[in-house]
Amino acid sequence: MKSDRFLFLNIAFIGLAIGTSSGGDARTTLCIEREREALLKFKEGLIDSHGILSSWGREEEKEECCGWKGVQCSNITGHVVVLDIPAPSYSQALRGNITPSLLELQHLKHLDLSYNNFGRSRIPNFIGSFPRLEYLFLEYANLSGEIPHALGNLTRLQILDLSMNYNLVVKSLEWLPRLPFLLDLDLSGVHIETVNWLQQITKSPSLEQLNLKGCNVPEPIISISHLSSNVSSRLLSSLNLADTGLSSSAFRWLFNLSTRFTSIDLSSNHLAGRIPEAFGYMQHLEFIDLATNILEGGLPKSFGNLSHLRALDLSTNNLNQPLPELFLSLSGKAEKSLEELHLSNNHLSGSLLDITRFSSLKSLYLQENQLNGSFLESYGQTSKIEFLDLSNNQITGPLPNLTAFSAMRELHLNNNQFKGRLPQSIGQLSKLEMLRVESNFMEGPITESHLSNLSSLRVLDLSYNSFSFQLGLNWLPPFQLDVISLSHCKMGPHFPQWLRTQKNYSHLDISFAGISGVAPNWFWDLSPEMMHFSISNNQISGEVPDLASKFVEETNYPTMDFSSNNFSGLVPSFSSNLESLNLSKNKFVGSISFLCKIANALFRTIDLSNNLLSGELHNCLMGFEELAILNLANNNLYGKIPSSIGSLSDIQSLQLRNNNFTGDLPTSLKNCAILQILDVGGNKLSGEIPLWIGSHLTFLVVLSLRLNKFNGSIPQNLCHLNKTHILDLSQNSLSGEIPRCLNNITSLLQNNNSSNPSMLFELGGDSYNGYSYLEEYLGDALVQWKSSESVYNKTLGLLKIIDFSNNELAGNVPEEIAQLDGVLSLNLSRNNLTGNVIQGIGKMEKLESLDLSRNQLTGRIPTSLAQLHFLSVLDLSSNNLSGKIPSSTQLQSFDPSSYEGNNELCGLPLAECPEDRDIQSPFVDHSKINNLDKDDKILSFGFYVCVASGFILGFWGVIFTLVLKQSFRDAYFQKLTNVANWIFVTTIMSLHRLKMLWS
């Protein structure tokens, strides 16, 4: 609709230009004195911080007001007819009020004050006192209050735009029918409170374009008979009711509103059910937008009748029609006219048919569906398609010959199941600007023939495949890329020389590329437009030079990832406008104080773990206001954790493990209310575990305080951590009893399994001309799991662990722990626990590791322990347990060391219990035993004679029957054949299943 309006205005301005003048070349002054004074008074009521109206003034050289910026006068009368001063941008907006001095401009035909800032002032009533006004633009002008009824006095008005004034209110539209020449009405973003809005719109005699987007209109009160008899709205051709809260009841009146619709936008509403057939009978329709609703089913066949249809958007619905059927619904007239088809984010299935059948189609968006099958091997005719997006489906097979798509500009095939090589024909798509095939199962070489003809290419993403770059050492690419994303492509071992020619890229990812050696000096001449930089997980060595001067633009906040390489030396200097910095798993040295030099409020991620950094953390942490990830693990940091860490109110993961921090946990840390990972293990922290952890940090999933010097008892309010999966307090000096309320940690129950195997933090992202990427961080924690310590990341979200080992805890093991039936590992070893092993231990069905060793537990091992079928690690050693080990295949399979140190414990795999030993009786009569043996020998001889006789009679009886009776013989051998066939087929199927499992 905007494009139509601008076309209309261009024509109107041509007409105005014939009868108006800017006055710049006039020999005599056209400007009328009273109108000049009116304009100057209007200026006095404004704050013009950027000199927009600097040409307006009383100076002699500025006497001609018809030459002022935004002012046009009639060449005949000299009256001001145009006042056109929209703000160039909202930051350069005029501020103030619309003053009554403008009333002097009674010949005004065109008034545009849009994009200025009138401080939520009201639209003045005198705005209706311009009898000749034809065009009024006040959009995005920060106006508020009720729209005045005086607008109904502007009887010559043709275009009225009050859009994007979010504090404007429409309480009545009774003034609307009084505008007989109104062609275009835009109230988008305005609050409409009247239920009669539709009734008043239908009375507007000339209205052609109506935009109410985002108005959240009430359900209209209007009868279908009224619409049928009313002809005033029949001229309406463009209707935008997007994001207005409409339900499917709108379909009842929509199809009676006009017979001349060319554009209908009903996107972002609550339309449900099937798409009405009636759309297909609106013969003038060119644009239909039903995106972001809850429509289901498929596309009616009537849509094929729309001979003028150019764009159809059904994206983000619940359509589940097979794609071939949907295409069939568009066959006919629409097949020849359709230029854009948006079907993304539905549940469409089936394979991709010949899309060249749509002879005018330029854009096809099918991403985020359930498409499968494969491409056709070839296409019959040349296609006009410029944009094709099939990403995030399950399409398989190799890519076809693509020469039929010579007009292609963007090709999105990412996140599918394509296999095989990238076809050489890709190199013939000379207009290609964006190529995305990341996250498939493709392989093979990338050669010069793939790339040498792609002079328009701006985005190249081949990542997460198994491609191997085989380019000549001196090859010069014909393109300048903005996005280079080649993660997991083999590019090494040497640095690819062709990257030296790329000067303006904003996104470079060559992680996992097999590159080794020292980075050449030219590589560090990074583009000033850089937004994302990753060279992680290679074997790049040497020192990183000073990069402080590389990113000085205040609008650029790049993310930089140097992790998992062999870099050494001092941490390089960086500019202070980074958003993310990852230097982990290298050999950087120096003081951690460099962080103070790069602090900024937009930093999201800092990962310096696994280096050789030293020093104390400083209070400059308060400069990282939006920091979400801070990982300083495995360095040589010391001193107290500064209180400024509490200023990181957006922090989600804090990992300080394996350093030399001392003192208490700072109280200010309780302000980090959305913290999910707190790992401070392996330090020298002391004092009691703070009570505020349980009351304030209720989003914690991982709490690791292991290997420190914490003392006192375990706080009861740790039981409030209802999201915690890993609770590790091991290797401290904690005393007292284990809290009995641990069963309140509902996240450790079996029915609270996490759907995410990893703790992946989504930290925003960026986009460039249709290419977007998401900035993510994979959280980790050091965990003792099945008797060994490891850092877990990809499966961290699946672990459920309680580890209180190596403390000074006393008392009984609470029976309530048995209710935590989702726990995988329970370690209470090396404490002073007494009493029995909890009787309900068998309820912990998921338990895989149980360590209660080196305590003072007594009594028998509960028989319910034998019910733990997943148990693979068990240690009950060095206690005072007694009695027989319960019988089960599992408990007897453990090594005897799992039970040793319990002197009164017996039974397999330990020594036999006394009551199970066979004791020979002295009163047995051996003569009876000998006589019994003789009887057994006689019975055995007779038994064998009978068996032999029976076999001979039975065998030969069957043989003679088969020889003498042909019908028996045929049936017998048919039966044998069937049995043999069944054995053969069963064997082959079993082997096939095994082969699939192995693959």
Side-chain angles (χ1 to χ4, degrees), residues 487 509 511-512 532-538 540 544 547 557-568 570-600 602-615 617-618 620-621 623-637 641 645 648 650-659 661 672 675-683 701-702 704 758-765 773-782 791-794 796:
S487 178
D509 187 348
S511 59
F512 295 93
H532 179 76
F533 174 86
S534 177
I535 55 175
S536 67
N537 292 277
N538 286 289
I540 306 172
V544 179
L547 299 177
Y557 284 82
T559 63
M560 307 200 74
D561 189 349
F562 299 80
S563 64
S564 299
N565 279 289
N566 292 321
F567 290 117
S568 57
L570 294 173
V571 175
S573 297
F574 294 99
S575 63
S576 60
N577 60 337
L578 297 181
E579 184 178 300
S580 173
L581 179 62
N582 192 337
L583 302 178
S584 65
K585 298 178 183 177
N586 282 287
K587 300 172 184 176
F588 288 112
V589 298
S591 173
I592 195 70
S593 61
F594 83 93
L595 286 178
C596 296
K597 299 178 182 179
I598 63 172
N600 75 68
L602 297 180
F603 238 116
R604 299 290 289 157
T605 305
I606 297 176
D607 189 345
L608 308 178
S609 62
N610 296 282
N611 279 287
L612 303 171
L613 302 176
S614 58
L617 279 179
H618 295 277
C620 63
L621 286 178
F624 298 94
E625 295 175 17
E626 295 186 10
L627 195 67
I629 307 294
L630 179 60
N631 190 345
L632 305 177
N634 297 299
N635 280 287
N636 298 314
L637 308 178
I641 299 174
I645 205 159
L648 306 179
D650 288 340
I651 194 81
Q652 298 178 52
S653 177
L654 177 61
Q655 294 156 285
L656 304 177
R657 68 173 178 268
N658 294 340
N659 281 285
F661 289 113
C672 304
L675 197 61
Q676 296 182 48
I677 296 180
L678 176 58
D679 187 350
V680 294
N683 284 284
V701 177
V702 175
S704 179
S758 60
M759 292 194 64
L760 194 63
F761 297 95
E762 296 183 355
L763 306 172
Y773 70 92
L774 182 65
E775 188 67 26
E776 298 176 329
Y777 183 84
L778 188 61
D780 64 36
L782 180 65
V791 175
Y792 286 82
N793 46 38
K794 293 182 179 180
L796 183 61

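The first residue of the sequence shown is numbered 1, and numbering continues consecutively from there.
In this structure, Asn565 contributes its side chain and Ile540 its backbone to a donor-acceptor pair below 3.5 Å. With Asn659 contributing its side chain and Asn635 its backbone, the two residues share a donor-acceptor pair below 3.5 Å. Glu762 places no side-chain N or O within donor-acceptor distance of the main-chain N or O of Leu774, the cut-off being under 3.5 Å. A donor-acceptor contact shorter than 3.5 Å links the side chain of Asp679 to the backbone of Gly681.
With values rounded to the nearest 0.5 angstrom, Ser653 atom OG is found 9.0 Å from Leu678 atom CG. Here OG of Ser580 is found 8.5 Å from NE2 of His532. Values are rounded to the nearest 0.5 Å. With rounding to the nearest 0.5 Å, the separation of CG in Leu632 from CZ in Arg657 is 11.0 Å. Atom CG of Leu675 is separated from atom CD1 of Ile645 by 9.0 Å, given to the nearest 0.5 angstrom. Separating the OG atom in Ser568 from the CG atom in Asn586 is a distance of 8.5 Å, to the nearest 0.5 Å. Here the NZ-CG distance, from Lys794 to Asp780, works out to 12.5 Å after rounding to the nearest 0.5 Å.
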- Message: I'd like to know whether Phe624 forms a side-chain contact (heavy atoms from CB on, under 4.5 Å) with Ile651, so could you lay out the CA-CA distance, the side-chain angles of the two residues, the decisive distance to 0.1 Å, and finally the verdict.
- Response: CA-CA 10 Å; Phe624 298 94; Ile651 194 81; over 6 Å; no
Show, in sequence, the C-alpha distance, side-chain angles and deciding distance for Phe533 and Leu547, and conclude whether the side-chain contact (heavy atoms from CB on, under 4.5 Å) test is met. CA-CA 13 Å; Phe533 174 86; Leu547 299 177; over 6 Å; no
Are Phe588 and Leu608 close enough, and set up right, to give a side-chain contact (heavy atoms from CB on, under 4.5 Å), and what steps lead you there?
-> CA-CA 9 Å; Phe588 288 112; Leu608 308 178; over 6 Å; no
**Q.** Residues Val544, Met560; criterion side-chain contact (heavy atoms from CB on, under 4.5 Å); working and verdict
**A.** CA-CA 12 Å; Val544 179; Met560 307 200 74; over 6 Å; no
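For the pair Phe574 and Leu583, the minimum side-chain heavy-atom distance is below 4.5 Å. Counting heavy atoms from C-beta on, the side chains of His618 and Ser593 come closer than 4.5 Å. Side chains of Phe761 and Ile677 form a contact here, defined as non-hydrogen atoms less than 4.5 Å apart. For the pair Glu579 and Leu602, the minimum side-chain heavy-atom distance is 4.5 Å or more. Put simply, the side chain of Leu627 reaches to within 4.5 Å of the side chain of Ile606, judged on heavy atoms. At least one side-chain heavy atom of Phe603 sits under 4.5 Å from a side-chain heavy atom of Leu581. Looking only at side-chain heavy atoms (C-beta outward), Met759 and Gln676 come within less than 4.5 Å of each other. A heavy-atom distance below 4.5 Å is found between the side chains of Pro558 and Leu578.
Asn658 and Asn634 share a side-chain donor-acceptor pair at under 3.5 Å. Residues Asp607 and Gln655 bring no donor and acceptor atom of their side chains to less than 3.5 Å of each other. Using a 3.5 Å distance cut-off with no hydrogens or angles, the side chains of Asn631 and Tyr777 do pair a donor with an acceptor.
When all heavy atoms of Asn793 and Ser758 are compared, the closest pair comes out as O-CB, 3.6 Å. In terms of heavy-atom proximity, Glu626 sits nearest to Arg604 at O-NH1, 2.6 Å. Contact detail for Ile598 and Ser575: the closest heavy-atom pair is CG2-O, 3.8 Å.
Legend: residues meeting ring-ring contact (aromatic ring centres under 6.0 Å, His included) with Phe567, ordered by chain and number and at least two apart, are absent. Considering only residues two or more places apart in sequence or on other chains, Asp509 meets the side chain to side chain donor-acceptor pair (under 3.5 Å) condition with Ser511.
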